[in-house]
*Asks:* 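Just dropping this structure here.
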Amino acid sequence: MLLERRHLSLALVMLLTASAGCSGLLGTDSGTDGTDAEVTATQIDANGPAPGSSGFDAAAVERGHFETLSNSSFTTSLSFQLSTVRDGENRSVFINRTIAIDRDSDRSLATGELVQASGDTLATTTYTADGTTAERRVLTRGDDTRTDYRSASPPYDGQVQPVNESSVIDRSLLQSLGSDINWTYAGTETVDGDSVSRFEATGSDVTGFAADDAVSTNVSANGTTDSASATVLVDDDGVVRSFQYRVTTERDGQPVTVTLSLSVSKVDDTIVAEPDWLSKAAN
């Protein structure tokens, strides 16, 4: 139950922060100072933190993911969709967000898109480099499109905020992967040329988010869960290269589907270029 509650709550926080123009991936300011007294050393076998058929080593995955991405360039993408039927019509809300961290140039770029059920779309691009953050916001309503440019520098006390790296590698997300989840090893595959171990979970241990107060406006506490599943791909360093979550429930006799997809790619191979609109944000 903790898995879907935490991840769905995080996705809903994204929905709120994206509509407000906040640049944090998950809307949190979780620290990345590497301190965590509760994480203990875990024996890692030849397959690394994801020990394949011997089981899902949640503590090692948490440690490996955090430590690797804290010192590496990488790109992470998150996609969230909530779909339901209202007044006989299909309604969906989409959030797509990508953050690229370039350690070599000390640059970061976040792009995000929020598509509301009405069709209104807010696309935001945030670029941080040399202690300055620039942002472009494109709001589309029907045939009307408005583009705004803004910039800010420390202490960042306004709406423009720097790309929030700490939210990308927030340890609370990783910790939830090991909470009350019976992961089943499903073999190995390749991501970006790297070998990863695949773990899957289905059924009662990945259901129950309908009782979460945070989503009571979308799914009633008395809703029924028709199906739920989750998949995690972990590389030998413990980096969660992919997390996929899907649940189908019912509210007031109507189906509600929630999907959440998180991926990490281009580890040690992410390059962030200066956006071509940067001069407009400085004016």
Side-chain angles (χ1 to χ4, degrees), residues 10-11 13-32 65-81 94-115 121-140 145-170 173 191-192 194 239-243 260-283:
L10 289 172
V13 169
M14 285 183 52
L15 175 62
L16 297 175
T17 56
S19 61
C22 185
S23 60
L25 173 66
L26 301 178
T28 66
D29 290 321
S30 300
T32 57
H65 184 95
F66 177 84
E67 292 180 353
T68 299
L69 297 189
S70 292
N71 297 284
S72 304
S73 298
F74 65 92
T75 299
T76 184
S77 298
L78 190 148
S79 176
F80 168 77
Q81 177 180 350
F94 302 87
I95 296 175
N96 298 303
R97 194 152 184 84
T98 297
I99 290 184
I101 304 296
D102 185 343
R103 301 288 185 196
D104 292 335
S105 65
D106 195 22
R107 295 174 176 175
S108 52
L109 182 73
T111 60
E113 182 182 47
L114 166 65
V115 181
T121 301
L122 175 63
T124 304
T125 305
T126 306
Y127 173 75
T128 299
D130 301 323
T132 300
T133 297
E135 186 172 272
R136 179 181 67 179
R137 291 162 52 90
V138 181
L139 177 63
T140 301
T145 298
R146 186 180 70 187
T147 302
D148 294 321
Y149 300 92
R150 305 181 294 183
S151 62
S153 300
Y156 291 113
D157 54 359
Q159 288 187 328
V160 177
Q161 295 293 313
V163 176
N164 188 356
E165 176 189 338
S166 64
S167 66
V168 176
I169 52 180
D170 184 358
L173 184 148
V191 174
D192 283 347
D194 299 325
V239 177
V240 177
R241 294 297 190 93
S242 174
F243 170 75
L260 178 63
S261 174
L262 175 69
S263 67
V264 174
S265 61
K266 298 182 180 179
V267 178
D268 287 327
D269 194 31
T270 290
I271 299 175
V272 174
E274 185 178 284
D276 56 11
W277 51 262
L278 188 60
S279 60
K280 296 180 180 179
N283 294 333

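In this chain, residues are counted from 1 in sequence order.
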*Asks:* Measuring from atom CZ of Phe94 to atom OG1 of Thr121, what distance do you get when rounded to the nearest 0.5 angstrom?
*Replies:* 10.0 Å

*Asks:* What's the shortest heavy-atom distance between Asn164 and Ile99, and which atoms?
*Replies:* O-CD1, 4.4 Å

*Asks:* Donor-acceptor pair, distance only, cut-off 3.5 Å: does the side chain of Arg97 make one with the backbone of Leu114?
*Replies:* no

*Asks:* How about Asp106 and Thr128: do any of their side-chain heavy atoms sit closer than 4.5 Å?
*Replies:* no

*Asks:* To the nearest 0.5 Å, what is the distance between CG on Leu69 and OG1 on Thr76?
*Replies:* 8.0 Å

*Asks:* Taking atom OG1 of Thr125 and atom CH2 of Trp277, what is their separation to the nearest 0.5 Å?
*Replies:* 6.0 Å

*Asks:* As an exercise, state the distance from OG of Ser105 to CG of Asp130, rounded to the nearest 0.5 Å.
*Replies:* 9.0 Å

*Asks:* What's the shortest heavy-atom distance between Ala281 and Tyr149, and which atoms?
*Replies:* CA-CB, 3.6 Å

*Asks:* Minimum heavy-atom separation for Val272 to Arg107, with atom names?
*Replies:* O-NH1, 3.2 Å

*Asks:* Would Asp148 and Arg150 pass as an ion pair if we require N to O under 4.0 Å?
*Replies:* no

*Asks:* At their closest point, which heavy atom of Ala129 faces which heavy atom of Tyr127, and how far apart are they?
*Replies:* CB-OH, 3.5 Å

*Asks:* Does any part of the side chain of Phe74, heavy atoms only, come nearer than 4.5 Å to the side chain of Val239, both counted from C-beta?
*Replies:* no

*Asks:* Might you point out which heavy atoms bring Ala282 and Ser151 nearest each other, and give the distance in Å?
*Replies:* CA-OG, 4.3 Å

*Asks:* For Glu135 and Thr124, indicate whether the former's side chain and the latter's backbone hold a donor-acceptor pair under 3.5 Å.
*Replies:* no

*Asks:* Which atom names give the shortest non-hydrogen contact between Thr133 and Tyr156, and what distance separates them?
*Replies:* OG1-OH, 2.9 Å

*Asks:* If we only count heavy atoms from C-beta on, is the His65 to Val264 side-chain gap below 4.5 Å?
*Replies:* yes

*Asks:* Please check if any side-chain donor atom of Ser242 sits under 3.5 Å from a side-chain acceptor atom of Ser263, or the reverse.
*Replies:* no

*Asks:* Can you tell me how far apart CG (Asp194) and CZ (Arg241) are? Round to the nearest 0.5 Å.
*Replies:* 4.5 Å

*Asks:* Listed by chain and number, what are the side-chain contact (heavy atoms from CB on, under 4.5 Å) partners of Ser261, not counting sequence neighbours?
*Replies:* Ser79, Gln244

*Asks:* What's the verdict on side chain to side chain contact (heavy atoms under 4.5 Å, CB included) for Asn71 and Arg103, showing C-alpha distance, side-chain angles and the deciding distance?
*Replies:* CA-CA 8 Å; Asn71 297 284; Arg103 301 288 185 196; 5.9 Å; no

*Asks:* Atom CG in Asp268, atom OG in Ser73: separation rounded to 0.5 Å?
*Replies:* 6.5 Å

*Asks:* Who pairs with Thr75 by side-chain contact (heavy atoms from CB on, under 4.5 Å), at least two apart in sequence or on another chain?
*Replies:* Thr98, Ala100, Ser265, Lys266, Thr270

